Amino acid sequence: MTTVFIISAPSGSGKSTLVARLMEMVPRLHFSVSYTTREPRGQEKSGESYRYISREEFEAAIARDEFLEYAEVFGNYYGTHRSELDGAREKGEDLVLDIDVQGARQLRGKIPDAVSIFILAPSREILEERLRARSEDSEQVIERRLREAAKEIRNYAAYDYIVVNREVGAAADTLAAIVKAERIRRCRMEDEIRPILASFEA
Ligand code: 5GP
């Protein structure tokens, strides 16, 4: 049984680093590589962080109902292809999705037992510092990201877990603990437990 872990956070919250750490720390996780119409940033290569396609290609894929969810974020499309979930299922792995609050809402509708995690920077000031330290964005983009963050944060209550990213090591440990605990909770009646119960009934 594949468990779906949705991770959302305003940009600058340290989500990508945390997700990368989580993938290293916990085995049997499949990271969902999204499709996007935005341009690659810096060192990004297609197939690693994202698969980059044109708006026309994206809209054709929407028409073919190929996405499990998709949303428009900062003027670009982002979407999770159905094949990511199928791939995780085939490998017997759990799926980790780094998606925004709109995508999380759509997925909860389709996969009600998905586990959702919201990552928060400790304060607006720290989020602003982190966005500036990244020095990837213009002043205008930073201002927009901060406004978007304030909006996104209002959705935190819809998530199962909130992780405050005060220190990356501790926050990554918390994420790994959530994944491990959810796995234990879900395997109650699975193959490992059934024979034990049967042995007591004999
Ligand atoms: P960025 O362009 O900074 O990599 O990502 C912008 C936002 O898009 C982030 O909040 C990220 O979580 C979100 N995002 C990335 N992939 C997907 C996706 O497949 N679906 C949705 N709904 N959001 C996504």
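Both counts, for ligands and for their atoms, begin at 1 and track the order of listing. Bear in mind the structure is a predicted one, so any value in this text is a computation, not a measurement.
Scanning the protein heavy atoms around atom 20 (N) of ligand 1, the nearest turns out to be Glu69 OE2, 2.7 Å. What sits closest to atom 13 (C) of ligand 1 on the protein, heavy atoms only, is Asp100 N, 3.8 Å. Distance from atom 10 (O) of ligand 1 to its nearest protein heavy atom, with residue and atom name: Lys15 NZ, 3.5 Å. At the top of the distance list for atom 16 (N) of ligand 1, counting protein heavy atoms only, stands Ser34 OG, 3.1 Å.
Qualifying side-chain hydrogen bond (donor to acceptor under 3.5 Å, both in side chains) partners for Arg154, counting only residues two or more places apart in sequence or in other chains: none.
Atoms of ligand 1 found under 4.0 Å from any heavy atom of Ala71, numbered from 1 in the order shown, are 22 (N). Atoms of ligand 1 lying under 4.0 Å from any heavy atom of Thr80, numbered from 1 in the order shown and given with element: 19 (O). Set against the non-hydrogen atoms of Gly103, the atoms of ligand 1 under 4.0 Å away are 22 (N).
Using a 4.0 Å cutoff on heavy atoms, Gln106 does not count as a contact of ligand 1. In this structure, Arg38 counts as a contact residue of ligand 1, since one of its heavy atoms falls inside 4.0 Å of the ligand. Heavy atoms of Gly79 approach ligand 1 to within less than 4.0 angstrom. Within the structure, ligand 1 has Tyr50 among the residues with a heavy atom less than 4.0 angstrom away.
Checking Val101, Asp98, Val73 against atom 14 (N) of ligand 1, the nearest heavy atom belongs to Asp98. Atom 8 (O) of ligand 1 has its nearest heavy-atom neighbour, among Phe74, Tyr35, Tyr78, Tyr70, in Tyr78.
Looking at heavy atoms from C-beta onward, Asp94 lies out of side-chain contact with Val4 at the 4.5 angstrom threshold.
The backbone N or O of Thr80 lies less than 3.5 Å from no partner atom in the side chain of Ser34, so there is not a single donor-acceptor pair.
Side chains of Gln102 and Tyr70: a donor-acceptor N/O pair is absent below 3.5 angstrom, by distance only.
Of all heavy-atom pairs spanning Leu68 and Lys110, the tightest one is O-NZ, 2.6 Å.
The side chain of Arg41, and not its backbone, has at least one atom closer than 4.0 Å to an atom of ligand 1 (non-hydrogen atoms only; side chain from C-beta on).
Under 4.0 Å is where a charged nitrogen must lie from a carboxylate oxygen, and between Arg124 and Glu128 at least one such pair does. Ionic pairing of Glu182 and Arg185 is present here: one or more N-O contacts between side-chain nitrogen and carboxylate oxygen are shorter than 4.0 angstrom.
Within 6.0 Å of atom CZ in Arg82, more than 12 heavy atoms from other residues, nucleotides or ligands are found, so the atom counts as buried in its surroundings.
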Less than 3.5 Å apart, which donor and acceptor atoms pair up between the side chains of residues 12-24 and the rest of the protein, not counting sequence neighbours?
from: Ser13; atom 1: OG; to: Pro10; atom 2: O; distance (Å): 2.5
from: Lys15; atom 1: NZ; to: Ala9; atom 2: O; distance (Å): 3.4
from: Lys15; atom 1: NZ; to: Asp98; atom 2: OD1; distance (Å): 2.8

